[in-house]
Amino acid sequence: MTDTMMRLALFLFPGQHLGAWRLPEAIPELDVGIEHYVRAAQLAEAAKLDAIFFEDQAAVPRSNHIVKGDTYGAAHPRAIHFDPTMLLPALAMKTRHLGLAATSTATYNEPYNTARRFSSIDFISNGRAGWNLVTSFNENEAQNFGLDAHVEHGLRYERASEFIDVVTGLWDCWEPGAVTRDKDSGRYFDVEKMHFLQHEGRFFKVRGPLPMGRSPQVRPVIFQAGSSEPGRELAARTADVVFTLQTDITAARAFREDIRKRAERFGRDPDMIKVLPGITPIVGRTDADAEAFRTKMRDLIPVELAISHLTPHSGGLNFLDYDLDGPMPELPPTNAGKSHREAIMALARKGNLSILQTARFFAEGSYMKLVGAPSTIADIMQEWLEAGACDGFLAVPTHFPTGVEDFTGLVVPELQRRGIFRKEYSGPHLRDHLGVTRYA
């Protein structure tokens, strides 16, 4: 079953396209400029988008394959950004309906702190919080948390599986009506409606409960993006929304069907999981204008930055040992994000691309590029929705503000005109917008 109404989230991350920030009209100060994030969130809300979403990496990207020692190539623009969980409360004060979601890794955090943080944001936003659970693909993060090397992929997911059980258990520790604040009786909360979690597992020992009662959504929306075998299992068991790097409609439909079948195996209603492939819209007055604009932005990507951006997903290969104009070699297995490795290899094979061509395409962002006039982009989005290849999309503009303005002001109205995207919000909470499981 495919819902006839599309879901849309806006993914805003500085430097997502490694050349677009150099455009004269781009505002790279978005990276730590709260006023720009506020403007972007308000544009998303005016377009009635489900949510605005923020990635996080707890380390500056690094590649040792350009020169000896630590090097940062042309100085990676994605290195500068806020802790996204600090952004959400600020944006909550400047919006009323838009969902607010941020990444927080299960590998380098503790579940109690994560549960408390997102429950707090859910209160502050009146029920619009979302948590993107990741296990970290940036291997350099390990060295900021007392480790020499990244935690092994399978172990990361095993830890994440227990992590999310602890987080959701903490969110559920308070029953409805537990916090009474009864002045007449002098009783602040009903002890009988408060429960200790008393979790003891392989990785965590957590008593609970959280010191704040039941948040408006009870459980903030859970997003996930893993496409590996353990990633799919975890998403099918626990996620409300699954982000994916799919670029082929047939493969995307198979991915969505796989997630839904796995969800049924876990006793879940598959319609309560929304699969959102990532797209990078590059909008022009005409298709030719959009293609020319794409080429202009790609030409702004420095070669050394494109190669260094590809390196963390190389499985240890040094691309400088190869002819950059030669074919992309088979990348060995990696302990980083496995879905990114698969996306790189699929891109290189499909287009018969060289190493440098693959690096430049990947440096445009790892998501499917939708290039054209608003109607052309809307045609593809509608085709995917009606084919059962997705439940909507995670839109990843190339830059701020015009990339955001073009999508929200030109593409979204075309989707609304076709009757496949809302014109008004239908409920107060992010779970209402997305049509996922609601908790009393």
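All residue numbers refer to positions in the sequence shown, counting from 1.
In this model, no donor atom of one side chain and acceptor atom of the other lie less than 3.5 Å apart for Asn109 and Thr114. No hydrogens or angles considered: nothing links the side chains of Thr105 and Glu141 as a donor-acceptor pair under 3.5 Å.
Under the 3.5 Å distance criterion, the side-chain polar atoms of Arg341 are matched with a main-chain donor or acceptor of Pro332. Judged by distance alone, with hydrogens and angles left aside, the side-chain atoms of Arg260 form a donor-acceptor pair with the main-chain N or O of Pro270 at under 3.5 Å. In terms of modelled atom types and a separation under 3.5 Å, the side chain of Arg268 and the main chain of Ala236 share a donor-acceptor contact. Put simply, the side chain of Arg187 never gets that close to the backbone of Asp182: no donor and acceptor are under 3.5 Å apart. Not a single donor-acceptor pair under 3.5 Å links the side chain of Tyr108 to the backbone N or O of Thr135. In this structure, the side chain of Trp171 engages the main chain of Ala115 through a donor-acceptor pair within 3.5 Å. Side chain of Lys274 to main chain of Asp271: a donor-acceptor pair is present (N/O by atom type, distance under 3.5 Å, no hydrogens or angles). One N or O on the side chain of Arg128 and one on the backbone of Thr95 form a donor-acceptor pair closer than 3.5 Å. Put simply, the side chain of Thr4 never gets that close to the backbone of Ile420: no donor and acceptor are under 3.5 Å apart.
Between Ala378 and Leu415, the shortest heavy-atom contact is CB-CD2, 3.8 Å. Contact between Phe118 and Ala129 at its shortest, heavy atoms only, is O-CB, 3.9 Å. Here the closest heavy-atom approach between residue Phe123 and residue Arg214 is recorded as CZ-O, 3.3 Å. In plain terms, the two heavy atoms of Leu100 and Ser125 that are nearest each other are CD1-CB, 4.1 Å. The minimum heavy-atom distance between Trp131 and Ser104, with the atom names listed, is NE1-O, 3.1 Å. For Arg253 against Ala387, the heavy-atom pair with the smallest separation is CD-O, 3.1 Å.
Aromatic ring pairs are classed by plane angle as parallel below 30°, tilted from 30° to 60° and perpendicular above 60°; the pair Trp174 and Phe189 is perpendicular.
A distance of 12.5 Å separates CG in Leu234 from CZ in Arg156, rounded to the nearest 0.5 Å. One distance of note links CZ of Arg349 with CD1 of Ile344; it measures 11.0 Å at 0.5 Å rounding.
Applying the ring pair (Phe, Tyr, Trp, His ring centres under 6.0 Å) definition to pairs two or more places apart or across chains, none involves residues 404-423. The ring pair (Phe, Tyr, Trp, His ring centres under 6.0 Å) contacts involving residues 191-220 comprise Phe163-Phe204, where partners must be two or more places apart or lie in separate chains. Applying the side-chain hydrogen bond (donor to acceptor under 3.5 Å, both in side chains) test to every pair with at least one member in residues 36-52, sequence neighbours left out, gives these pairs: Asp50-Arg422.
Taking a 6.0 Å sphere around CD of Glu192, one finds it holds 12 or fewer heavy atoms contributed by other residues, nucleotides or ligands. Applying the 6.0 Å contact sphere to NZ of Lys94 captures no more than 12 heavy atoms from other residues, nucleotides or ligands. Annotation: Arg116, atom CZ; neighbour count of heavy atoms from other residues, nucleotides and ligands within 6.0 Å does not exceed 12. The environment of Leu347 atom CG is dense: over 12 non-hydrogen atoms of other residues, nucleotides or ligands sit within 6.0 angstrom.
Here the side chains of Thr168 and Thr238 are not in contact, with every heavy-atom distance at 4.5 Å or above. With contacts defined as side-chain heavy-atom distances shorter than 4.5 Å, the pair Phe319/Thr311 qualifies. A heavy-atom distance below 4.5 Å is found between the side chains of Leu30 and Leu12. Annotation: side chain of Leu18 is in contact with side chain of Pro77 (closest heavy-atom distance under 4.5 Å). Between Ile273 and Val241, the closest side-chain pair of non-hydrogen atoms is not below 4.5 Å. The closest side-chain heavy-atom distance from Leu370 to Val411 is not below 4.5 Å. The side-chain heavy atoms of Tyr367 and Ile279, taken from C-beta on, include no pair separated by under 4.5 Å. At a threshold of 4.5 Å between non-hydrogen side-chain atoms, the residues Met212 and Asp122 do not count as touching.
Take Glu383 and apply the salt bridge (charged side-chain N to carboxylate O under 4.0 Å, His left out) test, not counting sequence neighbours, and it matches no residue. Residues passing the side chain to side chain contact (heavy atoms under 4.5 Å, CB included) test with Pro89, sequence neighbours excluded: Ile121, Ile124. Partners of Asp56 by salt bridge (charged side-chain N to carboxylate O under 4.0 Å, His left out), not counting sequence neighbours: none found. In this structure, the ring pair (Phe, Tyr, Trp, His ring centres under 6.0 Å) partners of Tyr157, at least two apart in sequence or on a different chain, are His153. In this structure, the salt bridge (charged side-chain N to carboxylate O under 4.0 Å, His left out) partners of Arg417, at least two apart in sequence or on a different chain, are Glu414. Residues satisfying the side chain to side chain contact (heavy atoms under 4.5 Å, CB included) test with Lys193, not counting sequence neighbours, are Glu175, Ala178, Asp190. The salt bridge (charged side-chain N to carboxylate O under 4.0 Å, His left out) test applied to Arg159 returns Glu110, not counting sequence neighbours.
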Donor-acceptor list for residues 394-402 side chains, cut-off 3.5 Å, not counting sequence neighbours:
unit_1	atom_1	unit_2	atom_2	d
His399	NE2	Thr402	OG1	2.5

Counting only pairs under 3.5 Å, give me each side-chain donor-acceptor contact of residues 426-440, with atom names and distances, residues two or more places apart or in other chains.
unit_1	atom_1	unit_2	atom_2	d
Arg431	NE	Arg219	O	2.8
Arg431	NH1	Asp240	OD1	3.2
Arg431	NH1	Thr437	O	2.6
Arg431	NH2	Arg219	O	3.1
Arg431	NH2	Pro220	O	3.4
Arg431	NH2	Asp240	OD2	2.9
Asp432	OD1	Arg438	NE	2.9
Asp432	OD2	His429	N	3.0
His433	ND1	His429	O	3.2
His433	NE2	His97	O	2.6
Arg438	NH1	Val436	O	3.3

Residue pair Glu342, Ser227: steps toward the side-chain hydrogen bond (donor to acceptor under 3.5 Å, both in side chains) verdict: CA-CA 9 Å; Glu342 295 303 319; Ser227 293; over 6 Å; no
Residues Arg232, Phe255; criterion side-chain contact (heavy atoms from CB on, under 4.5 Å); working and verdict: CA-CA 9 Å; Arg232 293 185 189 212; Phe255 175 84; 3.4 Å; yes
Chi angles and distances behind the side-chain contact (heavy atoms from CB on, under 4.5 Å) call for Ser375, Arg418: CA-CA 10 Å; Ser375 60; Arg418 299 176 185 210; 4.0 Å; yes
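Aromatic ring centres of Phe243 and Phe53: separated by under 6.0 Å.
Using a cut-off of 4.0 Å between Lys/Arg side-chain N and Asp/Glu carboxylate O, Glu233 and Arg265 are scored as salt-bridged.
The one candidate from Lys369, Arg294, Gln16 that meets the side chain to side chain donor-acceptor pair (under 3.5 Å) condition with Glu364 is Arg294.
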